[in-house]
Protein chains: 2
Amino acid sequence: MEPDTRSRILDAAESLLVQHGLDATTLRMITAAAQANLAAANYHFGSKEALIEAVFRRRLTWLNEQRIAALDALEVEAKGAPLKPRQIVESFFGVAIRMAADKNGGQTFMRLLGRAYTEPTEFVRSFLAEEYAAVIARYKAAFFKALPDVPQEEFLWRFHFMMGALSYAVSGADALSILGPIDDSNPDALYARLMSFLIGGLRAPLPEVNSKPVRKARTKRAA
Amino acid sequence: MEPDTRSRILDAAESLLVQHGLDATTLRMITAAAQANLAAANYHFGSKEALIEAVFRRRLTWLNEQRIAALDALEVEAKGAPLKPRQIVESFFGVAIRMAADKNGGQTFMRLLGRAYTEPTEFVRSFLAEEYAAVIARYKAAFFKALPDVPQEEFLWRFHFMMGALSYAVSGADALSILGPIDDSNPDALYARLMSFLIGGLRAPLPEVNSKPVRKARTKRAA
DNA sequence: AACATTGTCAAACAGCTGTTTGAAGTCTGC
DNA sequence: GCAGACTTCAAACAGCTGTTTGACAATGTT
């Protein structure tokens, strides 16, 4: 019930960061909530930026290891054959939804992570890219193999859109309230809903992307 | 080339807010960029919060009026018949993508808006809900009529997911860079890609949402 | 036992925050 | 040309920010 100071600061920071955002959360708020001295934050982490980074890394590293492990398992089972897109989507986003369902901090963290992805602050995007690099590379390869008829650029956009849908899916009832009263208390239902949506979007017919303006499609054949 | 101080402050604020976020953007940064005196911000807007609200309202009100006008036009043409889901999606999200394609500030604003939707700060969500209320009500009604076989709760989630995809779609190349080098300079292509994805997700098969755990689906019939 | 390491704590630091003030300037209409 | 409203400006305000310091206690090592 009373871990060491370092852990208490991390937990308090995580909870406060998602409530107030990165800048609006002060070290005094964090250390007060953690029942620690103000100087303890700098003693254990060096700076506020380093503390925030530690908050992210603590769970994100584990999250992406889970994703890679899930992909490993699928690929072993498939014995070299391409995976089904649904399997890949489920392993990547399923891990995230499952973490968001975890009341013990995971829910808090996923909301924080969803926002961080489009965070303007540079140092956040910087170590986020670092943490994601390996897992993104693996999943890109798996998807390209599973969807050979989808142009790679097209897929990357769809992956990006899927990340956006995930971000909003875990963003919490506050954002949802704009649409009206919705129940977001059932993780299993959320999982099923998001998966349907993502697969539907991923497998949608390819758009006609012309290299030139939309109006009058010039059927200019290459010479 | 040199509008009045009030407009210069609004423009500078918009640009800086999307670059640094709401809290990290200071009035001194804004007024300096606007070549105005620090006190001018408070003189013209009263407070920093009111200034931010004005930045949002300036474009958001117009954006949602466009959406309602587009829906009006569709419904007049349909003469009481339900619209096609694709038409509704295109009118709602098309306006947004078109604004995001406008280099003259619209692009900046859409990135700001996408993030604001999940902003933790209360006063932002507060007037955002206010601005969205009318347009959401109209579109909900149109969608419910167009998709009578989709449960309303299911649709609201899908709408929420679509907003997430839109948010990421306009978030800019910074966020995309995590996935690798992608070209986001072609608005027409982005429009086509996003529409395909959204329609695909919207029309996806309904998920099996059980009220009880997923593992062993108990076929318990009502007494 | 004495030593070194590690952690905690109150206090202070310089710097930046949004906001207010009151005087100086600028523009109207008469 | 002068009154009156509107706008700009430099300066100051109290309050909060992240970080540092040096003294103190706790713990483990020789």
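The sequence lines fix the lettering, A, B, ..., with proteins before strands; numbering per chain opens at 1. Because the structure is a prediction, the values reported are computed rather than measured.
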Measure the distance from CE on B/Met29 to C1' on C/dG18 and round it to the nearest whole Å. 14 Å

Ring-plane angle category for A/Tyr139 and A/Phe92, please: parallel below 30°, perpendicular beyond 60°, tilted otherwise. perpendicular

Where along nucleotides 10-16 of chain C does protein come under 4.0 Å, by heavy atom, of base (B) or sugar-phosphate alone (S), with - for untouched nucleotides? B-B----

Indicate, with yes or no, if the rings of B/Phe161 and A/Tyr168 have centres closer together than 6.0 Å. no

How is A/Thr31 classified with respect to the nucleic acid when contacts are heavy atoms under 4.0 Å: base, sugar-phosphate, or nothing? nothing

Quick one: sort the A/His160 and A/Trp157 rings into parallel, tilted or perpendicular, breaks at 30° and 60°. perpendicular

Spacing of A/Ile30 atom CD1 relative to D/dT17 atom P, expressed in whole Å: 11 Å

Using atom CZ of B/Phe45 as one end and atom P of D/dC6 as the other, report the distance to the nearest whole Å. 17 Å

I want to verify a distance call: between C/dT8, C/dG18, D/dT19, whose nearest atom is closest to the A/Lys48 side chain? D/dT19

Is there a salt bridge (Lys or Arg N to Asp or Glu O under 4.0 Å) between B/Arg58 and B/Asp11 once you walk through the steps? CA-CA 10 Å; B/Arg58 175 172 64 153; B/Asp11 289 337; 3.0 Å; yes

Using atom CZ of A/Arg8 as one end and atom P of C/dG7 as the other, report the distance to the nearest whole Å. 13 Å

Compute whether any side-chain donor of one residue and acceptor of the other, for A/Ser91 and A/Gln87, lie under 3.5 angstrom apart. no

Check the distance between D/dA10's C1' and B/Asn42's CG and give it to me in whole angstrom. 15 Å

Rounded distance in Å - CG (A/Leu16) to C1' (D/dG18): 16 Å

Under 4.0 Å: is that the gap between some side-chain N or O of B/His44 and OP1 or OP2 of D/dT8? yes

Salt bridge (Lys or Arg N to Asp or Glu O under 4.0 Å) filter on A/Glu90, not counting sequence neighbours, yields A/Arg86

Can you run through DNA chain D from 5' to 3' and write each base as (, ), [, ], | or . depending on how it pairs? Watson-Crick or G-U wobble, both distances under 3.5 Å. ||.|||.||||||||||||||||||||||.

Over how many whole Å does the gap from A/Glu53 atom CD to D/dG18 atom P extend? 17 Å

Without decimals, in angstroms, what is the distance between A/Glu49 CD and D/dT19 C1'? 13 Å

Parallel, tilted or perpendicular, as decided by the 30° and 60° cut-offs, for the rings of B/Phe143 and B/Phe155: tilted

Modelled atom types, side-chain donor and acceptor of B/Thr5 and B/Tyr43, under 3.5 Å: no

Pair B/Thr121, B/Glu119 - check side chain to side chain donor-acceptor pair (under 3.5 Å), show working. CA-CA 6 Å; B/Thr121 320; B/Glu119 178 78 21; 2.9 Å; yes

Between D/dT7, C/dT19, C/dT8, which nucleotide gets closest to the side-chain atoms of B/Tyr43? D/dT7

